[in-house]
Amino acid sequence: MVMRFERLDLNLLVALDALLAECNVSAAGERLCLSQSAMSGTLNRLRDYFGDELLVSAGRHLVPTARARALVAPVREVLHQIKTTIATPPDFDAATCERDLTIMASDYVLTVLLAEALQVIAAAAPGLTFTVLPLDDKPQAQLERGRVDLLIGQEAAASENHPATLLFEDEYVVVGCAGNPRLRRPIDAERYYAMGHVVTEIGATRQPAFDERVLRQDARKRRVEVVAPSFAAVPALVVGTDRIATVQRRLAEQQARHLPLRILPLPVALPSLRLVAQWHKAGAQDAALRWVVDRVKAQAQALAPRDNASRVVQAAE
């Protein structure tokens with residue numbers, strides 16, 4: 001059955017959202033499992049209804065018209081509202097709800113929090129399924145486009161336009177190989193900057209991680225010897241070398257259970273890392289999503305690290 005509102009087939013809103021997000025007929029078609037010709041026909045129907053070209057050629061690319069840009073936010077909000085209203089019944093019951101949610105988070109968050117949180121959730125809500133996407137260099141755009149239901153990231157990068165809740169804080173520490181003689185005692189700032197470092201860059205545009213962005217403000221520069229594609233890869237890259245890395249304490253302590261790492265206090269000033277969960281404002285009444293957020297937050301508090309300032313942990317035999 002085709003639903004219409006003021007002569008508009010409401011099913012076309014999904015296609016319009018995909019076209020405005022991708023600005024590419026083929027990519028929008030792939031997103032909706034439609035052929036390029038079918039999506040081209042859909043675009044023509046949308047152009048006819050709105051009396052506007054919506055997407056126009058600019059060289060080898062399509063760019064949105066002013067009318068199309070004005071439609072982006074309201075179309076996504078309407079679709080998000082429909083999704084959450086229909087997919088989650090008013091009498092939400094975790095034990096019986098069947099729903100797929102998409103979460104975007106860094107591999108650090110996945111390693112220290114989400115892996116265990118999703119285990120807990122699975123026991124209480126077996127009908128909930130999850131797609132976890134890696135954190136890219138434009139996470140807020142993914143939230144705005146409705147591609148993710150839940151975004152977990154730094155508080156400083158959170159949007160003011162959407163609800164968010166603090167999950168946990170973490171501090172930074174230095175990690176190095178347990179066999180490195182230069183790390184038998186805490187290091188000062190001079191030695192910290194003189195040693196070789198492993199750092200992380202995020203996404204296709206290789207955005208620097210939080211610690212690098214802050215430390216770049218210092219006149220002294222770290223000697224970067226290895227750039228890792230993920231946070232979880234960093235601890236393994238110092239093993240067997242004289243290099244050090246600046247990592248989140250939760251990650252350092254977890255990795256030290258399996259790797260020969262030495263954890264030391266960070267000898268330079270670096271703010272604590274504050275992680276928040278954020279969702280689109282259109283999902284404010286999404287009972288399933290809020291239930292998941294509450295469980296993730298409870299798990300974050302349950303996994304709070306111990307207050308030990310530094311320790312040496314050898315790999316498990």
Side-chain angles (χ1 to χ4, degrees), residues 14-32 54-55 58-66 68-80 83 100-111 113-114 130-167 199-216 227-234 248 271 273-284 286 289 293 296:
V14 176
L16 177 59
D17 179 59
L19 286 163
L20 296 180
E22 302 292 347
C23 287
N24 183 292
V25 174
S26 296
E30 290 178 3
R31 181 169 167 179
L32 300 181
L54 298 177
L55 296 172
R60 299 175 60 184
H61 304 281
L62 292 177
V63 296
T65 64
R69 290 194 297 272
L71 288 169
V72 172
V75 167
R76 286 174 187 156
E77 189 157 344
V78 166
L79 289 176
H80 198 288
K83 174 184 174 182
D100 181 68
L101 296 170
T102 300
I103 301 175
M104 175 172 281
S106 69
D107 67 306
Y108 153 65
V109 172
L110 180 60
T111 301
L113 173 61
L114 274 184
F130 296 88
T131 299
V132 181
L133 300 179
L135 190 68
D136 65 16
D137 39 18
K138 295 182 179 179
Q140 286 298 328
Q142 306 299 340
L143 184 68
E144 289 285 354
R145 291 175 180 174
R147 291 183 175 178
V148 299
D149 297 296
L150 187 64
L151 172 63
I152 301 179
Q154 300 171 34
E155 183 181 54
S159 170
E160 296 181 353
N161 299 323
H162 302 288
T165 184
L166 179 67
L167 294 178
V199 301
T200 306
E201 291 182 351
I202 303 168
T205 57
R206 300 179 60 179
Q207 295 295 311
F210 175 74
D211 61 303
E212 177 65 11
R213 294 200 305 273
V214 174
L215 292 176
R216 279 183 181 179
V227 176
S230 65
F231 295 106
V234 170
Q248 305 90 339
L273 185 63
R274 292 169 59 88
L275 276 295
V276 300
Q278 185 161 51
W279 54 96
H280 198 284
K281 60 186 178 183
D286 187 339
L289 181 59
V293 170
V296 171

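The structure presented is a predicted model; accordingly, all values stated were derived computationally and were not measured. By convention here, the first residue in the shown sequence is residue 1.
Nearest heavy atom pair, residue W279 against residue H162, reads O-CB, 3.2 Å. Pairing each heavy atom of A232 with each of D107, the nearest pair is N-OD2, 2.6 Å. When all heavy atoms are compared, the tightest approach of A228 to A233 is CB-CB, 4.5 Å. L32 and A15 get closest at one heavy-atom pair: CD1-CA, 3.5 Å. Contact record, N161 with K281: O-CD, 3.5 Å, taken as the closest heavy-atom pair. Shortest non-hydrogen contact noted between V276 and A158 is CG2-CB, 4.1 Å.
Side-chain contact check for V109 versus L167: every heavy-atom pair is 4.5 Å or farther apart. For the pair R147/T102, no side-chain contact is recorded, criterion being any heavy-atom separation below 4.5 Å from C-beta on. Counting heavy atoms from C-beta outward, L54 and L19 have side chains that stay 4.5 Å or more apart. The closest side-chain heavy-atom distance from V227 to R206 is below 4.5 Å. Residues L275 and Y108 are in side-chain contact: their nearest non-hydrogen atoms beyond the backbone lie under 4.5 Å apart.
Of the residues L133, L151, D136, the one that meets the side-chain contact (heavy atoms from CB on, under 4.5 Å) test with Q142 is D136. When each of L114, T200, L135 is checked for a side-chain contact (heavy atoms from CB on, under 4.5 Å) with S106, only L135 meets the rule.
For R274, the side chain to side chain donor-acceptor pair (under 3.5 Å) partners at least two apart in sequence or on another chain are E155, E169. Remark: Q278 engages Q140 in a side chain to side chain donor-acceptor pair (under 3.5 Å) (not counting sequence neighbours).
Remark: L16 CG to L55 CG distance equals 8.5 Å, nearest 0.5 Å. Atoms OG1 and CG, on T65 and L71 in that order, are 8.0 Å from each other to the nearest 0.5 Å. Going from atom NE2 of H280 over to atom CG of L150 covers 13.5 Å, rounded to the nearest 0.5 Å. Put simply, CG on N24 and NE2 on H61 are 9.5 Å apart, with the number rounded to the nearest 0.5 Å.
Between the D149 side chain and the L101 main chain, no donor and acceptor come within less than 3.5 Å of each other.
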